Structure formats: structure tokens, C-alpha cells
Amino acid sequence: MPFKPAVADRLAPFGTTIFAEMTRLAMEHGAVNLAQGFPDFDGPELAKQAAIEAIRAGRNQYARMPGDPVLNAAIARKWRRDSGLEVNPDAHVTVTSGCTEAIPAAILGLVNPGERVVLFEPYYDSYRACVSMAGAIPEFITLRPSSSDEGPFTFDPDQLRAAMRGRPKAIILNTPHNPTGKVFSREELALVASLCVEHDVIAITDEVYSELVYNPALPHVSLATMPGMADRTVTLNSLGKSFSLTGWKIGWAIASEPLTRAVRAAHQFLTFATCTPMQLGAARILTEGDAYVRELVASYTIKRDFLAAALRDLGLKVHVPDGSYFIMADHSSLGMGDDVEFCRRLTREVKVAAIPPSVFYDDPSNGRSLARFAFCKQDRTLRQAVDRLQALRHRRA
Ligand code: GLN
């Protein structure tokens, strides 16, 4: 008997994630990896020391299911300071294994099979897969690049209004946004909030790039702080991007008690608890890491400007990001095919890897002219990438 296909229908359409695929291709071709978003430099000594101390002190058994009390308290303190919202560390905060675990914990915990979930596209791939794992139905709001200039991505408010009129169970909102670098404005968030309240929709917000914002006119705003949203929002965040510790996989969900019960209903069966000594390292850096974040944002601002200028110089249209550590650029003037072809050729021939974003759209044609470049890299890595990209110079129209 031949084997039946091994991958279940709910996951078969998604294949291998583009991040793993492009990092593999980058390694195979010795390419500079501006594809997968991870820093190629180390995180802060303070965090590492605290985690090492915890291991040596014998903190090596299961943590409490909703998080080590020390970390829950540190997250609650930071959330109070940043959002101004009151929060009980034990009742409202759940520590997860990275935000990537908090996403299925929230979706599986809250959404029934057959219910609808609204997503902004391009979306981080795991939202779409988790909606499918929950047996739910995705509905898409498209963020489109401004055509006339290099400005931010925007959405059609009427498309959002129409989607919310259908009373979905939840909406997933990611700000600052991966892959576009968009920071949702207060006005845009006010519209989302008023529609959530009007149609009784739960919001799940992924705010892992909340610290990485570069435009003083467009600060990060948590949807939970908008009128009527504190009790209907699950706010997700993590340590990885703010403190250059993506491999630690420490994330969290902050929500009202009823929503937290739902998140924990799933979290307890997904991973049960999160790595104990890393939680203690995380608590230290969340408490004492403000200076680290300030310096990181200053250095990312310079890196963003350096890479944006280099891409523009090669004839690409650059959508300068207000947040995150990604740049989306339109490569069509180079005439090197669609995004998948362009990124493959860039990796193989130019030896610089980028992410083809069409996989983040329901209709891939919306992403064909774009490529995503990560700038969370050492200056010398970015310089090497830019040197190699000069090979494209002769292609400029
Ligand atoms: N969040 C990172 C990115 O968007 C990496 C994600 C991953 O490797 N799964 O590139």
C-alpha cells in the first residue's frame, strides 16, 4: 500500500516556512542573509548573566504554567509604564515560548472551528497557519504600498468596515508591522477599535516590534489603550526583537481575566510552561534594559537609513519603514522576474538573500513586485551586502 500524504490537510498548503527556506538557500550559496529577521550580533550581557546564574542556582525544573512570578511581575510593570493600563501579573499575564507560541495559544483558545478571523495582509505566516489549525476562516484586509511616492502602506477603511460587519470572532493586528514596517497611526487604530466595539470582535495584537520605532511623529500605540479595547484585546509581545535574543523564545500575552483563561486553556497543552532559567534572564533585562533599547533603536535608525539609501541608489522604490527591522522595496525596475524569482536570483547570483513577500498574501500577485530586506545586522554585514548589490547597478533602467 502506498503511503497516504503525511501532512494533514490543515497544514499541507503551507509547506516549509519561507524563513527556513531562504536561510537554507543563503547558506547553500554563501549569501549575506538579509532574509530571516534575526540579529547577527549578541544580546545584552546582563540578560545572559542572569540566565547563567539561574541555571547554576538550580532553576532547571518546570516553571509555573502561566510564567515564573518574577517575570510576570516584570512584564506587568513594563506594561503599566508603557500603556498606562492597570494589570495583575498573575491574572492577566501569561508567559509563552516566544510570541510564536502566544499566537496559536490565543487563536486556539478563543476561536471555534468555522468562525471568522480578520487578518491584515501581508501577514506574518504563522497567523494564517494558526487560523487554519483552529479550523477557522480567514478574511483579508490588504495593506497596499502608496503608488505615487515611497510612503507607508495603507488600507481601505471600507474593506475593513465590510469585513467587521460580518461579525468575525477576532481580528489580528500587527503593529509595528512585519513585513511592511508600517506603524499603525492613532486614527487607524481608533477605527479598528470602534469597529471591534460595535461588532463585538476580539482583537489579538502582535506588538513584538513595539520598541523598534523610528519616527517621533508616529509612536507605537497599543490597541488595548483605545476606548473600549482594554477588556477585548489580547496583547502579545516578546523579548526577542527588543533585546536581540530571538533564540530565547520568551514571549507573553496580556489580557483581561476571561481572555487570559482562554489563552491559558491552549497554552497549558501546547508547551505547558516556558524555559525556566531564560524567564529569569528575561525578567532582569526587562527591568534593567532601558539603556540597551535606546542604543539599539539609535543604531537601527542608522542601519535603516544606510540600507534604504543603497537600495534606492540601485533604482529600487523603497518604502522606508517607520518601525520593525525590515525594509520593503519594489524591485520591478530591475527586470529580474517576480518576487520569488528575484529573491532566488539575488541569493544565487548576487549572494544577498531577501524574503519574497508574495507568500504573505491571499492573492500572491499583490506581493510580486516587492522584496523584504532585514537590517538587524552588523554594520559590516550590511556593508558587505551593499557591496555585493552593486552587481545590480548595470541593470538600472
Ligand atoms: N520574525 C522573523 C522574520 O519575520 C523570523 C521568523 C521565523 O524565522 N519564523 O523574519
Side-chain angles (χ1 to χ4, degrees), residues 11 14-27 31-41 43 96-107 119-133 143 153 172-183 204-213 236-252 270-271 296 300 303-304 307 319 321-329 339-340 343 346-347 352-361 367 370-378 381-382 385:
L11 288 168
F14 306 116
T16 304
T17 88
I18 195 69
F19 306 112
E21 190 183 322
M22 292 312 296
T23 288
R24 191 194 53 72
L25 199 67
M27 288 168 78
V32 179
N33 189 355
L34 304 188
Q36 195 177 22
F38 64 89
D40 66 345
F41 49 88
T96 57
S97 298
C99 183
T100 300
E101 191 227 335
I103 293 162
I107 296 174
L119 304 177
F120 287 90
E121 62 174 8
Y123 46 74
Y124 181 50
D125 59 352
S126 88
Y127 310 149
R128 176 68 191 83
C130 289
V131 166
S132 175
M133 283 198 270
L143 294 170
F153 284 63
I172 301 179
L173 185 131
N174 168 218
T175 184
H177 184 261
N178 175 12
T180 66
K182 173 184 178 63
V183 175
I204 301 169
T205 67
D206 173 348
E207 305 186 6
V208 297
Y209 300 98
S210 59
E211 303 286 355
L212 306 184
V213 288
L236 311 182
N237 210 322
S238 77
L239 200 72
K241 279 73 177 172
S242 315
F243 296 101
S244 316
L245 294 166
T246 60
W248 280 30
K249 302 300 291 176
I250 298 286
W252 55 87
L270 287 171
T271 55
L296 185 71
Y300 278 162
K303 291 175 199 291
R304 175 196 69 160
L307 188 59
H319 301 283
D322 290 307
S324 85
Y325 47 46
F326 304 113
I327 294 179
M328 283 274 252
D339 64 324
V340 174
C343 289
L346 200 68
T347 307
V352 174
I355 292 283
S358 57
V359 294
F360 306 141
Y361 291 87
L370 299 166
R372 190 197 79 173
F373 297 85
F375 58 84
C376 47
K377 307 291 173 182
Q378 297 178 62
T381 308
L382 292 175

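Indexing begins at 1, ligand by ligand and atom by atom, following the structure's order. This is a predicted model, so every value here is computed, not measured.
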Is there a donor-acceptor contact under 3.5 Å linking the side chains of Asn33 and Thr23? yes
Results of ring-ring contact (aromatic ring centres under 6.0 Å, His included) for Phe38 - residues two or more places apart only: none
Nearest heavy-atom approach of Leu236 to Ile204 is CD1-CG2, 3.9 Å
List, pair by pair, the atoms of ligand 1 and of the protein that are both N or O and lie under 3.5 Å apart, giving the separation rounded to 0.1 Å.
residue	atom	partner	partner atom	Å
ligand 1	4 (O)	Asn178	ND2	2.8
ligand 1	4 (O)	Arg372	NH1	2.9
ligand 1	8 (O)	Gln36	NE2	2.6
ligand 1	9 (N)	Tyr124	OH	3.3
ligand 1	10 (O)	Gly37	N	2.8
ligand 1	10 (O)	Arg372	NH1	3.4
ligand 1	10 (O)	Arg372	NH2	2.7

Donor + acceptor pair across side chains of Thr271, Glu101 (<3.5 Å): yes
Would Arg372 pass as a cation-pi partner of Phe326, given that its NZ or CZ must be under 6.0 Å from the six-membered ring centre and within 45 degrees of the axis? yes
Can you confirm whether the side chains of Asn178 and Ser324 place a donor and an acceptor under 3.5 Å from each other? no
